[in-house]
Amino acid sequence: MDSKRDLLAIDDFTPEELRSIIQWGIAAKQDDGLFDEFMPLHGMTIGSIYEKPSTRTRVSFEVGIDKLGGNPLTLLKGDIQLGKSESIEDTAAVLSRYLGAITYRCFAHSDVELLANGSSVPVINALSDLHHPCQAAADMMTILENFDDVSEVKVAWVGDGNNVLHDLMLGAAALGMKMYYAVPKGFEPNEDVVNRARILANDSGGEIKLTHDPIEAVKDANVIYTDVFISMGEEHMKDKMKAFDNFQVNEELVAHADHDYIFMHCLPAHRGEEVTDGVIDSSNSVVFDQAENRMWAQMSVMTFLIHPVAWEAFSELH
Ligand code: CP
Ligand code: NVA
């Protein structure tokens with residue numbers, strides 16, 4: 001049997017795989033009726049473990065698994081033995097005997113690595129403190145839906161150097177986009193992730209650029225992206241907010257972007273903090289398309305990892 005593959009960070013896929021996985025998601029979205037007959041996860045249960053709250057990830061996985069003919073099983077950390085009387089590795093080995101794949105939302109990225117190491121079935125990172133690859137897959141899909149030639153696209157991140165930026169940067173670099181990220185001094189993204197993104201950008205013709213000036217990032221940008229300044233698990237770090245005084249995405253800032261720019265946010269948004277109502281509710285905003293695309297992109301990711309033959313067959317038909 002081929003060794004199983006996991007998705008812990010978006011660069012676990014090659015750039016070619018990422019592009020095809022996204023195209024598959026776009027094709028699936030356009031042909032929803034197909035899922036009455038195409039059921040690659042039939043007879044399988046996919047488990048999802050949550051250590052943190054979730055609306056989009058949980059619902060999009062549950063509904064997506066159901067569309068693919070599988071059974072979703074959501075496991076809240078408080079209800080299972082994990083981390084109390086059982087190690088992550090033992091949990092992984094046990095769950096592998098029942099499930100077709102495991103998704104895991106955790107605090108420390110090393111925990112999802114441990115789960116993947118102990119599991120004989122694919123593990124999908126449903127958000128850790130370091131990576132959010134499912135978000136990036138949906139984000140790349142949303143950008144591809146909006147722009148024919150992504151090599152001409154400039155993506156501007158304004159905000160914290162966090163998990164969502166990490167995978168956005170890796171995905172954008174893999175697909176050859178120009179990525180400017182504006183973060184306050186002291187809130188830069190993880191250095192190893194930036195280096196990986198730079199290598200991908202070198203190969204794809206993309207660009208990765210750090211600035212501390214939101215206007216420089218946003219100037220003529222086609223995509224403006226922000227996220228909360230305080231992520232889950234950082235609730236005790238309220239002081240952090242002071243550093244983000246000039247990093248709100250508001251009407252004044254977006255005036256520097258290309259006229260047809262799109263506004264993106266992984267959600268949930270803290271309106272009035274990182275973004276104003278005027279921007280997130282404007283006709284440039286695609287935040288609810290992004291949320292929907294979580295489901296289609298994850299359906300592609302799950303089929304690719306769990307049933308690659310079915311994934312390929314679907315690809316050939318579309
Ligand atoms: N964007 C995202 O992951 O949302 P949830 O926290 O609601 O899953
Ligand atoms: N950066 C945020 C993303 C939430 C989807 C967090 O980790 O809380």
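Quick note: residue numbers are just sequence positions, from 1. Ligands are counted one by one from 1 in listed order, and the atoms in each one are counted from 1 as well.
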**OP:** Start with the C-alpha gap between F13 and F304, add the side-chain angles, then the distance that decides, and say whether ring-ring contact (aromatic ring centres under 6.0 Å, His included) holds.
**Re:** CA-CA 11 Å; F13 294 137; F304 181 87; 5.5 Å; yes
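Residue L267 has at least one heavy-atom neighbour below 4.0 Å for each of these atoms of ligand 2: 5 (C). For ligand 2 and L127, the ligand atoms under 4.0 Å from any heavy atom of the residue are 3 (C), 4 (C), 5 (C), 7 (O).
For ligand 1, the protein residues placed under 4.0 Å by at least one non-hydrogen atom are S54, T55, R56, T57, R105, H132, Q135, C266, L267, R294.
From the protein, the heavy atom lying nearest to atom 8 (O) of ligand 2 is M232 N, 2.7 Å. The nearest heavy-atom contact from the protein to atom 7 (O) of ligand 2 is N163 ND2, 2.8 Å. The protein heavy atom nearest to atom 3 (C) of ligand 2 is D227 OD2, 3.6 Å.
For E51, the salt bridge (charged side-chain N to carboxylate O under 4.0 Å, His left out) criterion is met by K77, not counting sequence neighbours. Applying the side-chain contact (heavy atoms from CB on, under 4.5 Å) test to L76 and every residue at least two apart in sequence or in another chain returns Y50, R58, T74, D79.
Between F187 and F229, the distance from one ring center to the other does not fall under 6.0 angstrom. Taking the centre of each ring, W157 and Y180 stay at or above the 6.0 Å mark. Two rings, from F314 and F38, have their centers less than 6.0 Å apart.
A donor atom on one side chain and an acceptor atom on the other are not found under 3.5 Å apart for Y261 and D220.
Remark: among candidates S54, S231, G159, P268, the nearest residue to atom 6 (C) of ligand 2 is S231, based on non-hydrogen atoms.
Contact between D129 and ligand 2 is absent, with no heavy atom of the residue lying under 4.0 Å from the ligand.
For residues 80-89, there are no salt bridge (Lys or Arg N to Asp or Glu O under 4.0 Å) pairs, not counting sequence neighbours.
Just one residue in the list L82, L8, T91 forms a side-chain contact (heavy atoms from CB on, under 4.5 Å) with Y104, and that residue is L82.
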